[in-house]
Amino acid sequence: MTIEEILAGESKNVEFKENLPEKSIKYMKSVVAFANGTGGKIIFGIADKTREVVGFDKEDVFKKMDAIANAVSDSCEPAIIPDITLQTVDGKTVIVAEISEGRQRPYYIKALGRERGVYVRVAGTTRLADEYMIKELMLEGSNRYFDQALCTGLSVTEEIDTLCKAMKEQAVKNAHNEEQKASVKDVGKQQLRSWGILIERDGKDYPSNAYAILTGCGGLHVAIQCGVFKGTTKAVFVDRREYTGPLWEQIEEAFQFVLRNIHLGATLVGIYRQDIYEIPPDAIRELIINAVVHRSYLDHGTIQVAVYDNRLEITSPGKLPMGQTLERMKEGYSKIRNEALAHAFSYMNLIEHWGSGIPRIIDKVKSAGLQEPEFIGGEVDLRINIYRGQNDTNNARINAKKTKNGVNDIKNGIDGVKISRTKEQVQIEKLLQAIEKNPFATQAYYAEQIGVSKRTVSRIFVSLQQNGVLVQNGTNRKSNWVIIK
C-alpha cells in the first residue's frame with residue numbers, strides 16, 4: 001500500500017481502524033458489507049480521521065491477526081474467509097484484512113440474524129440493509145431473476161395473444177432495414193415460456209413478473225417520471241409527467257419528452273437543411289432503454305428522466321448487479337438483471353448485442369462534441385448525466401422550453417416567420433394541416449393521419465386550446481374544430 005492510497009482517505013472499498021476494537025462488531029458490519037458488495041479492505045493501524053499511520057508492535061501483531069481471523073469466522077454467516085496480511089507503511093506495520101466479493105448472499109452477523117444483521121456499503125459508509133436490498137441480495141445469492149418469478153394475483157387468457165401481436169409490431173417497427181424487418185418471426189406462447197414471461201404449471205399458463213412489467217398490468221407500479229427543471233437542481237420545476245402502460249410506450253413517451261425539451265438547431269449539408277439536436281437522439285433513446293431493461297423492479301422507485309439547464313439526467317432504481325462495476329459497464333461488460341425482459345427487448349429490436357449499449361452511447365455523445373457521459377452511484381441507484389454543450393448548429397438553435405409545448409413558435413410559423421422546430425412543433429403543424437383539411441374528424445383519425453399515438457394528439461389538442469390556437473364549435477356528437485390564426 002502506498003502513502004498516496006492512504007492520503008486518499010476512506011472510500012467505498014477501504015476503511016481505516018486505528019486499533020483493533022475490543023468489540024469486534026464495530027468492524028464486523030463492514031466485513032459483512034464488503035462481502036455483500038464488491039469487496040474491500042479494512043486497514044488496522046491507521047487513524048480514520050487524521051490518516052496518521054500508528055502501526056502495531058511486532059510482538060502483538062500476529063496475535064491481532066489471529067483475533068481478526070477468529071472474530072470473522074465466529075461472527076459471520078455464511079462463512080467469510082478474509083485474506084489477512086501485514087504491510088509496512090512509513091516504517092510501521094499495519095494489518096490489512098481484504099474481504100472478497102461474496103457469492104452466497106446475503107451475508108449477515110450471526111448474533112443479529114438475517115433481518116437485522118445484513119449490512120451494505122453506500123457512499124463510503126456501512127449501513128443496515130433495507131428489506132428491498134435483502135431481497136436483491138437473496139436473488140443474487142440463489143442466481144435467480146425477479147422478472148422470471150410468478151406474479152401473484154394476475155391471470156392471463158386472451159391477453160397473451162394481444163401481447164404477442166404487440167411485440168411483433170414493435171419488432172417490425174424497430175427493425176433497422178428491410179432485411180431485418182422481413183426476418184421478424186411470430187412470437188408465441190412457447191417462446192414466452194422459454195424466456196420466462198409465462199410460467200406453465202399443470203398445463204396452464206401463468207404470468208411472471210416480466211409479463212406484468214411488459215404490459216403494465218398487475219399490481220406492480222412501473223412508470224417513468226419525466227421533468228424539466230429551471231437551473232441545475234430540482235428546486236423549481238417547469239413541467240412534470242409520469243408515463244405508465246406497456247414498456248415500449250413508456251420508452252417512446254419519455255424519449256419524445258426529452259426531445260421536446262432540448263435544443264434543436266440546423267446545419268446545411270450541401271444545399272439541404274438538416275436538423276440537429278444538441279444531444280444525439282439515438283444516445284437518449286438507448287439510455288432510456290438501458291435504464292428500463294437493467295433497473296431493479298424489486299425496488300418500488302421509478303426511473304427518473306430530468307432535463308436541467310446544463311444536463312440530461314437519467315436515474316434508474318437499484319444497485320448494480322453482483323459482479324458489475326461502473327468501470328466494467330463502460331467497457332462493455334454486460335450483467336443481465338432481468339433475463340426475461342432482456343430476451344423480449346432483443347426480440348423487439350430495442351437492444352442489439354448485450355453489453356454494446358453503454359460504449360455506443362459514450363461514442364455517440366463524444367462524437368457530437370459533448371463531454372463523456374458521467375456515471376454516478378451504483379450502490380443504491382445508477383445516475384447517468386449527459387452535459388448539454390454549445391455545439392455550432394449554424395446559429396439556428398431554439399429552446400423548446402421557452403414555449404408552451406411549442407405552441408407560441410407554431411403561431412409565429414403560421415404568420416410566416418421562418419424558424420427551427422422541435423419534433424412536437426412539427427407534429428403540431430401536421431395536426432393543424434390535417435384539421436384544416438377535415439375539421440369534423442375525431443382525435444383518433446388525426447392521430448392516424450400524422451402517425452402518432454392518440455395520447456399524444458390528445459395532449460396537443462389540450463395545449464392548442466389553452467393557448468387559443470384551436471376552438472371547438474358545436475356539440476360533442478356534431479362538432480368541428482376552428483383554427484384561430
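We find the NZ-CD1 distance between Lys364 and Ile284 to be 11.0 Å, quoted to the nearest 0.5 Å. Atom-to-atom distance recorded for Ile362:CD1 and Glu372:CD is 5.0 Å, nearest 0.5 angstrom. Rounding to the nearest 0.5 Å gives a distance of 7.5 Å between CG of Asp48 and CD of Glu18. Rounding to the nearest 0.5 angstrom, the gap separating the CD1 atom in Ile303 from the CG atom in Leu382 is 10.5 Å. Rounded to the nearest 0.5 Å, atoms CG (Leu247) and CE (Met167) are 10.5 Å apart. Atom-to-atom distance recorded for Lys230:NZ and Phe237:CZ is 13.0 Å, nearest 0.5 angstrom.
Side-chain contact check for Asn13 and Thr38: at least one donor-acceptor pair (N or O, by modelled atom type) lies under 3.5 Å. Judged by distance alone, the side chains of Glu159 and Thr162 never bring a donor and an acceptor atom under 3.5 Å apart. With hydrogens and angles left out, the side-chain atoms of Ser30 and Thr126 include a donor and acceptor closer than 3.5 Å. At a cut-off of 3.5 Å, with distance as the only test, no side-chain donor of Arg455 or Ser453 sits close to an acceptor on the other residue. Side-chain contact of Ser208 with Gln148: a donor-acceptor pair under 3.5 Å is absent, judged by distance alone.
Taking the side chain as every heavy atom from C-beta outward, Tyr211 and Cys151 never approach each other to under 4.5 Å. Val54 places none of its side-chain heavy atoms less than 4.5 Å from the side chain of Val94. Proximity of Leu370 to Ile279: side-chain heavy atoms (C-beta onward) are separated by under 4.5 Å at one or more points. Using a 4.5 Å heavy-atom cutoff, the side chains of Gln371 and Ile386 are not in contact. Counting only heavy atoms from C-beta outward, the side chains of Asn19 and Phe44 never approach each other to under 4.5 Å. At a threshold of 4.5 Å between non-hydrogen side-chain atoms, the residues Tyr243 and Gln225 do not count as touching. Side chains of Trp248 and Leu214 form a contact here, defined as non-hydrogen atoms less than 4.5 Å apart. With a 4.5 Å cut-off on side-chain heavy atoms, Ile43 and Ile95 do not count as touching.
Although no hydrogens or angles enter the test, the distance criterion places no donor-acceptor pair under 3.5 Å between the side chain of Lys26 and the main chain of Pro21.
Between Asn385 and Ile376, the shortest heavy-atom contact is ND2-CD1, 3.6 Å. Scanning all heavy atoms of the two residues, the minimum distance from Ser334 to His294 falls at OG-CE1, 4.5 Å. The shortest heavy-atom contact between Thr244 and Ala223 is CG2-CB, 3.7 Å. Across all their heavy atoms, Tyr333 and Gly323 have their closest contact at CE2-O, 3.6 Å. Counting all heavy atoms, side chain and backbone alike, Asp381 lies closest to Pro317 at CB-CA, 4.2 Å. Here the closest heavy-atom approach between residue Pro281 and residue Tyr277 is recorded as CG-CD1, 3.5 Å.
Annotation: cation-pi geometry not satisfied between Arg121 and Tyr119 (NZ/CZ under 6.0 angstrom from ring centroid, within 45° of ring axis).
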Kindly indicate, with the supporting measurements, whether the criterion side chain to side chain contact (heavy atoms under 4.5 Å, CB included) is fulfilled by Arg241 and Arg459.
CA-CA 11 Å; Arg241 305 285 171 92; Arg459 186 178 65 243; 2.7 Å; yes
Salt bridge (Lys or Arg N to Asp or Glu O under 4.0 Å) between Arg240 and Glu242, intermediate numbers included
CA-CA 7 Å; Arg240 282 181 184 171; Glu242 179 173 292; over 6 Å; no
Gln250 and Val292: CA distance, side-chain angles, deciding distance, side chain to side chain contact (heavy atoms under 4.5 Å, CB included) verdict
CA-CA 9 Å; Gln250 291 187 35; Val292 168; 5.9 Å; no
For Asp66 and Lys64, run salt bridge (Lys or Arg N to Asp or Glu O under 4.0 Å): C-alpha distance rounded to whole Å, both residues' side-chain angles, the deciding distance at 0.1 Å, then the answer.
CA-CA 5 Å; Asp66 288 341; Lys64 292 185 183 294; over 6 Å; no
Before giving the answer on side chain to side chain contact (heavy atoms under 4.5 Å, CB included), spell out for Glu252 and Gln170 the whole-Å C-alpha distance, their side-chain angles and the decisive distance to 0.1 Å.
CA-CA 11 Å; Glu252 183 63 22; Gln170 287 299 309; over 6 Å; no
Can you check side chain to side chain contact (heavy atoms under 4.5 Å, CB included) on Phe16 and Lys41, steps first, answer last?
CA-CA 8 Å; Phe16 300 136; Lys41 296 176 182 178; over 6 Å; no
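Between Tyr308 and Phe229, the ring-plane angle classifies as parallel under the 30° and 60° cut-offs.
Of the options Ile351, Asn349, Val184, a side-chain contact (heavy atoms from CB on, under 4.5 Å) to Asn174 is made by Asn349 and by none of the others. Of the listed residues (Ser75, Ser24, Pro82, Cys76), just one forms a side-chain contact (heavy atoms from CB on, under 4.5 Å) with Val31, and that residue is Cys76. A side-chain contact (heavy atoms from CB on, under 4.5 Å) with Leu163 holds for exactly one of Leu192, Leu198, Val187; it is Leu192. For the salt bridge (charged side-chain N to carboxylate O under 4.0 Å, His left out) with Glu140, the lone residue among Lys319, Lys335, Arg337 that qualifies is Lys319.
Under the 4.0 Å criterion applied to side-chain N and carboxylate O atoms, Glu374 and Arg383 are not assigned as salt-bridge partners. Glu131 has a carboxylate O that lies under 4.0 Å from a charged side-chain N of Lys135, or vice versa, which qualifies the two as a salt bridge.
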